[in-house]
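Report on the structure given below.
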Amino acid sequence: MPELPEVEVVRRGLERWVSGRTVTAAEVLHPRAIRRHVAGPLDFAGRLAGRRIGAAMRRGKYLWLPVDDGAHAVLAHLGMSGQLLVQPAAAPDERHLRVRFTFEDADGGELRFVDQRTFGGLSLHPASEDGLPDVIAHIARDPLDPEFDQDAFHAALRRRRTTIKRALLDQSLISGVGNIYADEALWRARLHYDRPTATLTRTQTTELVAHVHDVMTAALAAGGTSFDSLYVNVNGQSGYFERSLDAYGRQDEPCRRCGTPMRRSAWMNRSSYFCPRCQRAPRPRPARA
């Protein structure tokens, strides 16, 4: 699944190529692509025709385009294979093209939502006063957000009876972090993925958040992480941060810090990659009598 850096790369592309343009038509080519818009394809297309698109926005992994009435926004969920591409009108349709937006200034190209696996989708939702679509109001701020509250995050960690990687992937606590960047930040912080959050000191939380911020900033500079051709920016280009990964996907390769072979553990139907020396597993708690 795309994480914050990959979504932010797309947001920046939309900011450049789509924001400020007026929609001529929204053509829904596959109803599943707008299944979260419960009023259906005709309503979706009708309510967007003639609307001007505002500045592209993002919170965590969620991306949206405000419309000019200020009260609604088009929410984009990329899923596992969703792409938002800006293409010339004369370009051939992609095999898995699901939704097409045309604009008054046709020379600027079309916006196309392409989704091979159809797990993603677009939908129109009411927006709050700060422009946030109502269905994602529960999503926490992310570490790149200037208003991210580190003290509140630490307090929440201390209250939870959970482990640190589970907490990093909990979008109601901290948004934008997925499996890849969680492993990367934990490796940098020398924390095992199964470390109970209640045992973290404020210093450790501060350092961990700094590492999350830094690894995401580095990934963003590299255009994100693209393990296959499905993760691309609006121009169809892949990122290359996978070449700089220190933990994720490096099973049996030497730790870049100490040389110990990296390990992989099955975790919540996913994988966790870690260094058994730098990231010591927590000691099991003694059984109660």
Side-chain angles (χ1 to χ4, degrees), residues 1-3 5-37 39-58 61-68 73-124 219-220 222-243:
M1 295 286 285
E3 302 182 30
E6 292 75 44
V7 176
E8 175 62 14
V9 166
V10 175
R11 188 205 68 79
R12 292 182 180 185
L14 294 174
E15 182 77 40
R16 177 179 179 183
W17 297 104
V18 176
S19 294
R21 302 175 68 190
T22 300
V23 176
T24 300
E27 182 184 6
V28 179
L29 302 171
H30 196 302
R32 183 169 168 78
I34 60 140
R35 64 191 179 280
R36 296 179 179 88
H37 186 82
L42 291 178
D43 181 81
F44 181 82
R47 293 173 67 182
L48 288 174
R51 294 293 189 182
R52 183 175 179 271
I53 301 297
M57 306 289 287
R58 178 194 57 75
K61 307 175 190 179
Y62 291 86
L63 174 70
W64 68 93
L65 293 168
V67 295
D68 58 3
V74 178
L75 181 65
H77 180 63
L78 299 181
M80 296 182 68
S81 59
Q83 302 171 340
L84 285 165
L85 303 176
V86 176
Q87 297 279 45
D93 287 355
E94 293 78 7
R95 179 181 178 185
H96 302 290
L97 177 61
R98 308 305 187 192
V99 182
R100 183 202 323 269
F101 296 89
T102 55
F103 300 93
E104 288 184 355
D105 56 330
D107 292 341
E110 304 175 343
L111 176 63
R112 301 179 180 182
F113 179 67
V114 178
D115 192 0
Q116 176 179 324
R117 298 169 184 163
T118 63
F119 291 155
L122 306 176
S123 48
L124 187 66
L220 184 55
T225 300
S226 300
F227 284 110
D228 59 37
S229 61
L230 298 179
Y231 298 165
V232 297
N233 64 17
V234 297
N235 303 119
Q237 299 169 326
S238 298
Y240 53 88
F241 189 67
E242 72 275 8
R243 304 172 192 172

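Values reported hereafter were calculated over all heavy atoms of this structure, with side chains retained and with hydrogens, waters and symmetry mates removed. Residues take their numbers from the sequence shown, with the count starting at 1.
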Between [atom1] of [X] and [atom2] of [Y], what distance do you get to the nearest 0.5 Å?
| X | Y | atom1 | atom2 | result |
| --- | --- | --- | --- | --- |
| Arg58 | Leu63 | CZ | CG | 9.0 Å |
| Phe113 | Thr118 | CZ | OG1 | 9.0 Å |
| Leu124 | Arg47 | CG | CZ | 4.5 Å |

Hits for side-chain hydrogen bond (donor to acceptor under 3.5 Å, both in side chains) against Thr102, two or more places apart or cross-chain, chain-then-number order -> none

Sequence neighbours excluded, the answer for side-chain hydrogen bond (donor to acceptor under 3.5 Å, both in side chains) partners of Arg35 is none

Nearest heavy atoms of [X] and [Y], plus distance in Å:
| X | Y | answer |
| --- | --- | --- |
| Leu122 | Ala76 | CD2-CB, 3.6 Å |
| Asp68 | Gly50 | OD2-O, 4.4 Å |
| Val99 | Leu97 | O-CD1, 3.5 Å |

Please list, chain by chain and in numerical order, all residues satisfying side chain to side chain contact (heavy atoms under 4.5 Å, CB included) with [X], sequence neighbours excluded.
| X | result |
| --- | --- |
| Ala56 | Arg11, Leu14, Glu15, Ser19, Leu65 |
| Ala49 | none |
| Glu104 | Thr22, Thr24 |
| Arg21 | Phe103, Asp105 |

Arg12 meets the salt bridge (charged side-chain N to carboxylate O under 4.0 Å, His left out) criterion, sequence neighbours left out, with Glu8

Set of salt bridge (charged side-chain N to carboxylate O under 4.0 Å, His left out) partners for Glu110, sequence neighbours left out: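 Per chain and number, Glu110 pairs via salt bridge (charged side-chain N to carboxylate O under 4.0 Å, His left out) with Arg100, Arg112.
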
For Leu85 and Leu111, what are the C-alpha separation, side-chain angles and deciding distance, and is it a side-chain contact (heavy atoms from CB on, under 4.5 Å)?
CA-CA 6 Å; Leu85 303 176; Leu111 176 63; over 6 Å; no

Contacts of Phe44 meeting ring pair (Phe, Tyr, Trp, His ring centres under 6.0 Å) (sequence neighbours excluded), chain-then-number -> His37

**Request:** Report yes if some heavy atom in the side chain of Leu84 is under 4.5 Å from a heavy atom in the side chain of Val18; otherwise report no.
**Result:**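 Counting from C-beta outward, Leu84 and Val18 never come under 4.5 Å.
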
CA sep, side-chain torsions, deciding dist, call: Ile53, Phe101, side-chain contact (heavy atoms from CB on, under 4.5 Å): CA-CA 11 Å; Ile53 301 297; Phe101 296 89; over 6 Å; no

*asked:* Between Gln83 and Glu94, is there a side-chain donor-acceptor contact under 3.5 Å, judged purely by atom types and distance?
replied: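 Short answer, no.
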
Query raised in the report: If you look only at pairs with a residue in residues 75-91, which of them pass as a salt bridge (charged side-chain N to carboxylate O under 4.0 Å, His left out), with sequence neighbours excluded?
Result: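 Listed by first then second residue: nothing to list.
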
The side-chain contact (heavy atoms from CB on, under 4.5 Å) partner of Arg98 among Ile34, Leu29, Asp115, Val114 is Asp115

